[in-house]
Amino acid sequence: MKKRVVTVLVPVVLILVVIAVALGSRILERYSYSKNKADLREYFHLEQEDEVAMVVQDTIVDEKAKFREGRVYFALSTVEMYFTDRFYANSLDQVLLFTTDTDVIQINTGDGSNVMYVSDTAQDLGYKAAFYEGDTLYIAADYVKRYANFEYQLFEEPLHMQIYTQWDSYTTAEVSRKTAVRYQGGIKSDILVELAAGDTVAVLEELENWSKVKTEDAYIGYVENKFLKNQTQTERVCETGFEEFVYNNVTKDGKINLAFHQVFEEVGGDYLAGALASTKTINVVSPTWFRLSSNSGDFESLANASYVAKAHELGVEVWALVTDVDSSDRFGVEINFVELLSASENRRYLIQGLMAQVDNYGLDGINIDFEKVRSDSGIHFVQFIRELSIETRKRGVVLSVDNYVPSEYTAHYNRKEQGIVADYIIIMGYDEHYVGGGAAGSNASISFVENGIVNTKEVVPAEKIINAIPFYTRVWESGPDGLKASTLTMASQANWVANVGVTPTWVDECCQNYAEYQVNDTLYQCWLEDLDSIAVKLQVMQSQGIKGIASWKLGLEVPAVWDVIAEYMAQ
């Protein structure tokens with residue numbers, strides 16, 4: 001009997017032992033720490049041997065740098081995204097330019113990129129500053145640091161770098177005992193790096209049991225909270241020694257009241273005196289004197305010495321305007337701004353020509369009115385403005401630039417950069433609805449004007465903004481033949497209203513008097529630009545605190561509008 005019991009119990013015990021061992025193994029497996037190590041190249045998404053992973057602040061970003069000849073190089077797009085968008089690269093000229101308020105600093109992106117030219121004076125950098133790989137331009141991080149405020153530290157195996165562009169407070173903690181930084185929060189997650197007792201980590205996010213941390217060599221992962229102690233708030237100190245570039249602008253006291261003066265032939269001082277006779281408080285006139293006539297930088301000049309002398313006698317400055325608007329009609333040339341402005345030689349030739357006019361006629365400023373700049377020309381246009389600003393600044397004359405009301409279609413004009421290097425930005429606060437636009441409507445409703453100012457102020461200081469108002473509107477004709485429009489000047493509006501026999505009504509939505517009438521199947525509509533609409537625009541401009549007013553154009557107005565403008569100027 002005893003033997004029989006033993007015979008039965010032994011297998012049962014063995015089965016229990018096996019079950020216990022199995023359960024113990026499972027429990028051990030469940031609660032033991034994984035010793036698997038992560039593939040760090042995969043962790044940083046490195047595919048090529050010369051790639052450098054980038055940790056910007058506390059984030060591993062998608063962009064990669066290059067490691068060549070012992071130095072780190074960023075793609076130009078990376079530089080623009082994280083450091084500065086003020087470089088100008090031109091593969092045609094094979095140059096990389098950075099423009100300060102006094103100099104154009106150049107390196108060649110072909111051979112000889114170890115030499116930097118500051119206003120044509122050569123300086124040996126001691127390293128290759130830039131190179132092309134395919135269509136991508138790479139710039140040495142050490143060269144970028146000359147023009148942008150950031151610091152970096154490079155680590156090896158695998159290649160990765162820590163970059164700081166901001167210096168603020170962060171939380172640190174001390175590691176209490178040997179542990180690991182894991183890819184994710186959990187003991188089964190792969191190990192990124194090992195930590196020793198006493199190591200310090202930055203605590204990026206504290207969870208219930210784990211904290212997201214960054215090690216001193218820029219690995220970002222998770223550590224159990226029980227292994228962290230002595231949390232401290234720490235200030236990250238900027239030690240780059242970088243000094244931001246300052247662009248010293250020409251500024252005018254008080255408000256500006258600028259009148260555009262469109263002329264198609266040379267006129268003198270007597271003509272200007274007549275045009276200004278009924279005006280009040282105008283302190284700047286911008287005659288349309290210079291018209292681009294070629295894609296090499298040639299322009300027609302209608303400048304006149306007696307005109308300038310008379311303006312100065314009347315206490316009025318002359319900011320002569322250069323435009324592309326009527327180049328096609330006047331010279332049979334459609335200006336191609338890529339061709340004109342992408343070549344350093346062409347930009348230099350155009351700038352030298354304009355400065356010769358400034359010097360010869362004693363002009364007080366230049367107004368740039370390039371209205372047909374396409375998106376593919378934007379970077380070249382902005383570089384032209386930068387380089388032109390150096391020359392106007394040297395002479396102490398104003399550089400003003402005309403701009404459309406901001407829209408996604410005109411973002412390439414880069415108002416932000418204009419607002420840095422130019423002295424004044426003039427918003428063309430009209431042509432809200434225009435011939436060819438496909439819809440009848442106001443030329444300058446109050447929301448259009450206000451949004452133009454507000455959106456420009458997002459990137460341009462208010463003290464640099466001038467808003468231009470129209471002394472004209474349009475009569476829209478909607479009939480069997482489609483939509484047509486004709487221009488109606490402020491001076492001729494009263495006669496038009498009387499002749500068509502309508503009584504305009506005030507429309508709050510656009511803050512304009514509106515008139516319409518119908519003849520057979522044709523509807524005529526007009527949103528008037530009169531003393532009432534101008535007064536509301538001026539109220540908005542005053543409340544927005546901008547520098548002043550411009551008007552297009554001298555001669556289209558009624559004399560009484562100058563009394564309304566004079567009230568604004570006196571505020």
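FYI, side chains are in, hydrogens and waters are out, and symmetry mates aren't considered; it's all heavy atoms of this structure. Remember, predicted model here, so these are calculated numbers, not experimental data.
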K.L.:
So does R415 pair up with E458, basic N to acidic O under 4.0 Å?
P.N.:
no
K.L.:
Can you say whether the rings of F150 and F83 are parallel (under 30°), tilted (30 to 60°) or perpendicular (over 60°)?
P.N.:
parallel
K.L.:
Can you say whether the rings of F87 and Y147 are parallel (under 30°), tilted (30 to 60°) or perpendicular (over 60°)?
P.N.:
perpendicular
K.L.:
More than 12 foreign heavy atoms under 6.0 Å from NZ of K457: is that the case here?
P.N.:
yes
K.L.:
What pair of heavy atoms forms the shortest contact from I256 to V284, and how long is it?
P.N.:
CG2-CG2, 4.1 Å
K.L.:
Do you see a donor-acceptor pair shorter than 3.5 Å between the side chains of R347 and S344?
P.N.:
yes
K.L.:
Might you point out which heavy atoms bring L292 and S327 nearest each other, and give the distance in Å?
P.N.:
O-OG, 2.6 Å
K.L.:
Side chains of N336 and N295: donor-acceptor distance under 3.5 Å anywhere?
P.N.:
no
K.L.:
Is it the case that the side chains of Y514 and Q525 hold a donor-acceptor pair, with the cut-off being a distance below 3.5 Å and no angle test?
P.N.:
yes
K.L.:
Of all the heavy-atom pairs spanning S296 and L340, show the shortest one and how long it is.
P.N.:
C-CD1, 3.8 Å
K.L.:
Does Y517 have more than 12 heavy atoms from other residues, nucleotides or ligands lying within 6.0 Å of its OH?
P.N.:
yes
K.L.:
Looking at F264, I want to see if its CZ is surrounded by more than 12 non-hydrogen atoms of other residues, nucleotides or ligands under 6.0 Å.
P.N.:
yes
K.L.:
Will you find, in the side chains of R236 and Y164, an N or O donor that is under 3.5 Å from an N or O acceptor?
P.N.:
yes
K.L.:
I'd like to know if K310 pairs up with D270 as an ion pair, taking the criterion as any Lys NZ or Arg NE/NH1/NH2 lying under 4.0 Å from an Asp or Glu carboxylate oxygen.
P.N.:
no
K.L.:
If you measure from CZ on F290 to OG on S301, what distance do you get to the nearest 0.5 Å?
P.N.:
4.5 Å
K.L.:
Minimum heavy-atom separation for N257 and N283, please, with both atom names.
P.N.:
N-OD1, 2.8 Å
K.L.:
Taking atom types as modelled, find out whether Y82 and E63 have a side-chain donor-acceptor pair closer than 3.5 angstrom.
P.N.:
yes
K.L.:
Hey, what's the ring geometry for F370 with F384, parallel, tilted or perpendicular (30° and 60° as the breaks)?
P.N.:
parallel
K.L.:
Hey, can you tell me if Y413 and F381 have their rings parallel, tilted or perpendicular (30° and 60° cut-offs)?
P.N.:
perpendicular
K.L.:
Is it true that the NZ or CZ of R474 lies under 6.0 Å from the centre of Y434's six-membered ring and within 45 degrees of the ring axis?
P.N.:
no
K.L.:
If only side-chain N and O atoms count, and only distance matters, is there a donor-acceptor pair under 3.5 Å linking T473 with Q493?
P.N.:
no
K.L.:
Regarding D103 and S119, do their side chains bring together a donor and an acceptor under 3.5 Å, going by distance alone?
P.N.:
yes
K.L.:
Just by distance, no angles: are the side chains of Y361 and N304 close enough, under 3.5 Å, to form a donor-acceptor pair?
P.N.:
no
K.L.:
Are S445 and E432 linked by a side-chain donor-acceptor pair shorter than 3.5 Å?
P.N.:
yes
